[in-house]
There are 2 protein chains.
Amino acid sequence: MNGAESLVTTLLESGIDTCFANPGTSEMHFVAALDQIPGMRCVLGLQENIVTGMADGYYRIAGKPASTLLHCGPGLANGWANLHNARRAHSGIVNIVGDQATYHQPFDAPLTADTAGLASAVSRWVRTSRHAADVGRDAAAAVAAARTAPGQIATLILPSDTSWDSGGVAVRAMPVPAAPVVDPFAVETAARILRQNPNVLILLGGRCAVPEAQALAWRIASATGATLKYEYVNGRVARGRGRLPIERLPYNTDQAVKVLEPFEHIILVNAKAPVGFFAYPGKPSIQYSSTAQIHTLSRVDQDSASALLALAEALNAPAAAMPDPGPRPEAGRGSPTQEGLARTLAALMPENAIVSDESISFGRGFYPLTHGAAPHDWLQLTGGAIGDGLPVATGAAVASGGSRRVISLQADGSAMYSLQSLWTQAREKLPCTTILLSNRKYNILIGEYQNVGAIPGPTAMSMLDLSNPDLDWVKLANGMGVEAARATTLEACADLMKQSFQQTGPFLIELVI
Amino acid sequence: MNGAESLVTTLLESGIDTCFANPGTSEMHFVAALDQIPGMRCVLGLQENIVTGMADGYYRIAGKPASTLLHCGPGLANGWANLHNARRAHSGIVNIVGDQATYHQPFDAPLTADTAGLASAVSRWVRTSRHAADVGRDAAAAVAAARTAPGQIATLILPSDTSWDSGGVAVRAMPVPAAPVVDPFAVETAARILRQNPNVLILLGGRCAVPEAQALAWRIASATGATLKYEYVNGRVARGRGRLPIERLPYNTDQAVKVLEPFEHIILVNAKAPVGFFAYPGKPSIQYSSTAQIHTLSRVDQDSASALLALAEALNAPAAAMPDPGPRPEAGRGSPTQEGLARTLAALMPENAIVSDESISFGRGFYPLTHGAAPHDWLQLTGGAIGDGLPVATGAAVASGGSRRVISLQADGSAMYSLQSLWTQAREKLPCTTILLSNRKYNILIGEYQNVGAIPGPTAMSMLDLSNPDLDWVKLANGMGVEAARATTLEACADLMKQSFQQTGPFLIELVI
């Protein structure tokens with residue numbers, strides 16, 4: 001058995017059965033081993049940020065890591081931004097990065113780069129195998145690291161000789177460290193705060209936005225009068241009918257400060273104390289009141305449902321029925337507006353859909369109007385590195401085995417970062433509907449520019465405007481084998497959405513906004 | 001004056017007048033300063049690897065650095081692979097990377113990343129400004145570093161408060177260190193070797209492939225009988241009629257070993273001793289004979305023309321007319337072949353064209369058949385990180401002010417890494433003709449797989465084949481505002497080439513091979 005064969009066997013033994021890949025020469029023995037040892041589904045992405053973004057989306061839905069297959073330092077670099085987003089989503093990923101042979105490294109051939117340096121800047125766990133005999137053990141350790149709560153980026157660098165040399169040893173799955181138990185003192189403190197104070201915010205991190213934890217959070221809020229909110233960005237939130245109809249903190253610093261101002265106490269459940277996405281001149285970094293006290297009920301690597309159950313029990317909080325979000329909204333009409341599109345989405349979204357939200361400026365207000373939709377999962381851009389929406393949607397569709405409709409709410413500027421995803425959607429015949437929000441500008445930046453205190457002139461607009469020439473998304477999608485159509489009204493958009501939900505493969509709607 | 005204004009003024013003072021950009025929120029004050037202070041041409045790329053690749057192509061033609069404008073760690077990561085290629089081409093680039101405000105960093109907001117770690121893994125010079133008052137000085141130092149021979153990657157990280165705070169100080173250009181002088185002893189040694197030995201190879205690095213150095217090298221070879229060759233990859237080679245009609249070392253290790261085997265001495269002129277692009281089981285890393293002696297006439301940071309002049313004078317080598325490459329080839333006919341396309345290119349290429357060569361497997365043999373073309377410059381993928389061909393072409397066209405036709409010989413798999421370049425070509429109305437070599441597979445990897453000793457099965461082919469669905473490059477180009485057409489014969493390709501050379505803007509030919 002060579003090192004590559006020990007790698008494939010060990011990954012399969014450790015429960016990794018999906019590999020998002022863009023291989024190169026130094027990975028050919030791994031590719032050969034994948035060919036010979038059955039059991040791994042290999043999904044090709046045409047650029048590495050598609051590969052890593054798919055692995056992120058896969059984890060968010062499957063709840064277990066996939067592996068990636070990347071080529072040398074530059075391949076890892078190409079996929080780095082979506083690893084950053086995955087890190088912020090607490091997604092577990094096992095990156096397999098092929099590299100120059102151990103003995104070839106010192107010659108500094110053209111593709112030689114600081115692969116470990118790149119990996120270290122985004123991974124929680126990095127190792128470079130040195131001998132074929134170590135590859136199995138190192139792979140099992142990488143999987144255990146990726147599975148460690150709350151989910152981590154693990155990067156295993158494999159010099160090509162460790163793949164082709166004989167002496168590989170496949171190993172069994174390594175044990176995954178248990179999540180740290182919830183601190184009883186933290187539960188007691190939170191219970192005391194909630195009993196004694198009227199102005200308490202319970203801030204929920206994305207990883208606790210699953211139905212079980214939501215029910216417990218609602219039980220606590222109902223019994224105490226506390227306010228519930230989500231963090232601004234969350235890897236996955238269960239939403240729609242029967243789920244917790246709460247809002248997330250605003251992106252805008254002034255709005256966030258206003259929302260947070262009343263609260264004397266903030267209890268964090270797998271969340272971080274709220275700070276600005278960016279700093280602005282004369283505005284605070286910290287968004288909560290300077291007199292507010294922060295209490296951590298559970299950290300991000302702890303089990304939120306256990307923490308919330310302990311708190312509910314400490315409070316003797318009775319069961320509470322989830323609030324009714326009211327009737328399903330009716331689809332919007334006329335020219336596309338943010339509210340109209342949100343209503344259309346809520347009206348038409350099929351049961352158990354997955355929403356991949358990279359709608360940026362257009363989509364900030366989608367939450368309140370979609371509580372009445374059918375139950376669904378909502379995935380957000382967690383790390384602010386644009387270009388994750390389409391790959392995350394693609395990986396989520398792979399994870400759900402094609403059984404759930406995936407809807408991308410996708411800003412055009414961000415879509416251009418990873419449009420190659422559409423090809424993988426076509427190749428894998430994935431049930432992905434992309435609503436491409438075509439405003440032909442980096443609209444968020446035009447807003448930010450105006451915050452600087454000026455109207456953009458021609459030089460600034462040359463960097464903020466995406467028209468001249470206009471992107472034609474129907475042609476771009478067709479060019480990658482994805483059926484597509486343009487809509488300029490919400491009625492036309494609704495018709496295309498309904499049509500695409502009936503199909504098995506991908507579809508793109510260019511919605512001119 | 002705020003920090004951003006001191007930055008723009010200093011860059012202009014230091015001779016930087018072109019900025020390839022994809023800005024974000026943390027760069028808005030820089031964008032505002034660019035808007036207010038005239039003199040900088042700003043060119044938008046729709047993903048950062050386009051931005052950095054354009055800066056690379058710009059340097060190779062302009063011979064001076066441009067700046068880039070990148071957004072935080074992930075923006076730098078997206079552009080990292082083409083910085084790697086630029087580093088291997090010895091292109092000078094000044095990266096300006098906006099980042100979280102100094103005081104906001106500790107809060108670890110979503111876009112916070114190890115920007116300096118990423119930068120260090122690819123840059124020769126990295127600095128993070130800490131105060132607005134330092135930005136001008138740091139920018140001037142960055143430009144001096146980028147201009148330092150042979151051309152270096154310099155990355156200046158600007159926390160957003162250093163841009164918006166007042167107290168900025170614009171500074172004059174800093175002196176650039178002179179290139180180290182040529183070692184007289186190295187010249188003497190090389191002259192002695194050349195006088196005494198028949199089997200000498202003079203290996204030229206890309207930076208010495210300019211006409212002046214070529215003439216000196218030919219003078220030396222004519223006087224001594226030494227063989228001249230280029231390294232396998234070169235940032236820029238002057239080619240065509242009147243230029244040195246020599247070959248580069250082969251990519252394939254077996255072929256390179258065979259070519260190098262006869263030489264007892266290798267004199268390096270701004271080149272490195274030849275090693276394999278990759279290692280292979282049972283094959284050597286070092287491609288030259290184990291008994292060969294390596295002599296360095298000049299290092300990559302030294303002036304090759306001075307070194308070659310000193311050597312020619314030491315040898316009393318008389319002037320020698322450049323060999324005649326014979327008549328211009330006639331355009332090829334029928335189905336596209338490597339040889340036929342090379343002949344077509346040689347027949348039709350306009351005077352003073354620039355070729356951006358990312359033809360990968362299809363284009364390895366283009367050199368011998370294009371010596372008789374009109375004089376042109378040939379730019380190669382230097383670092384092996386695919387996806388540089390289209391951005392380099394775009395930046396080269398910007399550098400030549402639209403006065404030279406740029407021809408991309410572009411493999412399809414690599415083109416998908418940076419297809420967004422086409423949009424910038426359309427927006428800037430650049431004279432770029434892309435010959436898109438559409439074989440619908442990662443053909444180089446299928447060859448590498450077969451080297452492993454096996455025929456690819458279905459799993460392997462799922463990662464090596466780009467059909468299913470076929471990419472439609474005419475639609476993809478049209479979708480980004482670039483006129484395009486498909487050719488299946490060399491005659492049709494020739495007609496489209498001629499047509500595009502008459503136009504002022506970009507054109508893409510999908511050549512089905």
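In what follows, chains carry the letters A, B, and so on, assigned in the order in which the sequence lines appear, proteins first and then strands, with residues in each chain numbered from 1.
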_Test log, rule side-chain hydrogen bond (donor to acceptor under 3.5 Å, both in side chains), inputs A/E48 and B/Y417_ = CA-CA 9 Å; A/E48 288 86 351; B/Y417 270 62; 2.8 Å; yes
*Could you give the distance from CG (A/N82) to CG (A/N49), rounded to the nearest 0.5 Å?*
4.0 Å
*What part of A/T25 is in contact with chain B, defined as an atom under 4.5 angstrom from a non-hydrogen atom: side chain, backbone, both or neither?*
both
_So, taking the atom named CD in A/E448 and the one named OG in B/S26, what distance separates them when rounded to the nearest 0.5 Å?_
9.5 Å
_Contact class of A/L466 relative to chain B, heavy atoms under 4.5 angstrom_ = both
_Would the distance check show the side chain of B/Q380 and the main-chain N or O of B/T382 forming a donor-acceptor pair, the cut-off being under 3.5 Å?_
no
*asked:* I need the minimum non-hydrogen distance between A/N2 and A/S163, along with the two atoms involved.
replied: CG-O, 3.3 Å
*With under 30° as parallel and over 60° as perpendicular, where do the rings of A/Y251 and A/Y232 fit, or are they tilted in between?*
tilted
*Evaluate salt bridge (charged side-chain N to carboxylate O under 4.0 Å, His left out) for A/E510 paired with A/K475, printing each intermediate quantity in order.*
CA-CA 10 Å; A/E510 178 177 358; A/K475 285 183 181 159; over 6 Å; no
_Under 4.5 Å from any heavy atom of chain A, what part of B/R87 do you find: side chain, backbone, both or neither?_
side chain
_Using a 4.5 angstrom heavy-atom cutoff, name the option from B/G24, B/A32, B/G481 with the most pairs to chain A._
B/A32
*Please report the closest heavy-atom contact between A/L118 and A/A77, naming both atoms and the distance.*
CD1-CB, 4.0 Å
*With only heavy atoms counted, which part of B/V31 is less than 4.5 Å from chain A, the side chain, the backbone, both or neither?*
both
*asked:* Between B/W164 and chain A, with a heavy-atom cut-off of 4.5 Å, which part of the residue counts as in contact: side chain, backbone, both or neither?
replied: side chain
*With a 4.5 Å cut-off on heavy-atom pairs, point out which of A/N22, A/I444, A/D114, A/I50 contacts chain B the most.*
A/N22
*chain A: which of B/G276, B/S418, B/G117, B/P456 shares the most heavy-atom pairs with it under 4.5 Å?*
B/G276
*Are the aromatic rings of A/F278 and B/H71 close, with centres under 6.0 Å apart?*
yes
*Could you tell me whether a side-chain N or O of A/N478 sits under 3.5 Å from a main-chain N or O of A/V482, the two making a donor and an acceptor?*
yes
*asked:* Heavy-atom pairs under 4.5 Å with chain A - which of B/M40, B/R41, B/K272, B/E27 has more of them than the others?
replied: B/K272
*B/L111, B/V43, B/L44: which one forms the most heavy-atom pairs within less than 4.5 Å of chain A?*
B/L111
*asked:* Using heavy-atom distances under 4.5 Å, tell me whether B/D108 contacts chain A through its side chain, its backbone, both, or neither.
replied: both
_When A/M28, A/Q420, A/R88 are compared by non-hydrogen pairs under 4.5 Å with chain B, the top option_ = A/R88
*Check whether A/T115 gets within reach of chain B through its side chain, its backbone, both or neither, counting any heavy atom under 4.5 Å.*
neither
*Name the option with the most non-hydrogen atom pairs under 4.5 Å to chain B; the candidates are A/A116, A/G387, A/S467, A/P159.*
A/S467
*If only atom types and distance count, is the side chain of B/D35 paired as donor or acceptor with the main-chain N or O of A/T459 below 3.5 Å?*
yes
_Between B/S160, B/P110, B/A460, B/A426, the one whose heavy-atom pairs under 4.5 Å with chain A are most numerous_ = B/P110
*If you tally heavy-atom pairs under 4.5 Å against chain A, which of B/A81, B/A279, B/A385 wins?*
B/A279
*Relative to chain B, which segment of A/I446 carries a heavy atom at a distance below 4.5 Å: side chain, backbone, both, or neither?*
neither
*Examine whether an atom of B/R427 lies under 4.5 Å from a heavy atom of chain A, and if so say whether it belongs to the side chain, the backbone or both; otherwise answer neither.*
both
*To the nearest 0.5 angstrom, please state how far the CG atom of A/L419 sits from the CG atom of A/L436.*
9.5 Å
*Report the residues that fulfil ring-ring contact (aromatic ring centres under 6.0 Å, His included) with B/Y280, sequence neighbours left out, ordered by chain and then residue number.*
none
*Among the options A/N468, A/V474, A/I386, pick out the one with the most heavy-atom pairs lying under 4.5 Å from chain B.*
A/N468
_Part of B/D465 within contact of chain A (heavy atom distance under 4.5 Å)_ = both
_Region of B/D161 that comes under 4.5 Å of a non-hydrogen atom in chain A_ = neither
*So which part of B/L381 gets closer than 4.5 Å to some heavy atom of chain A, the side chain, the backbone, both or neither?*
neither
*What part of B/L422 gets closer than 4.5 Å to chain A, counting heavy atoms only: side chain, backbone, both or neither?*
neither
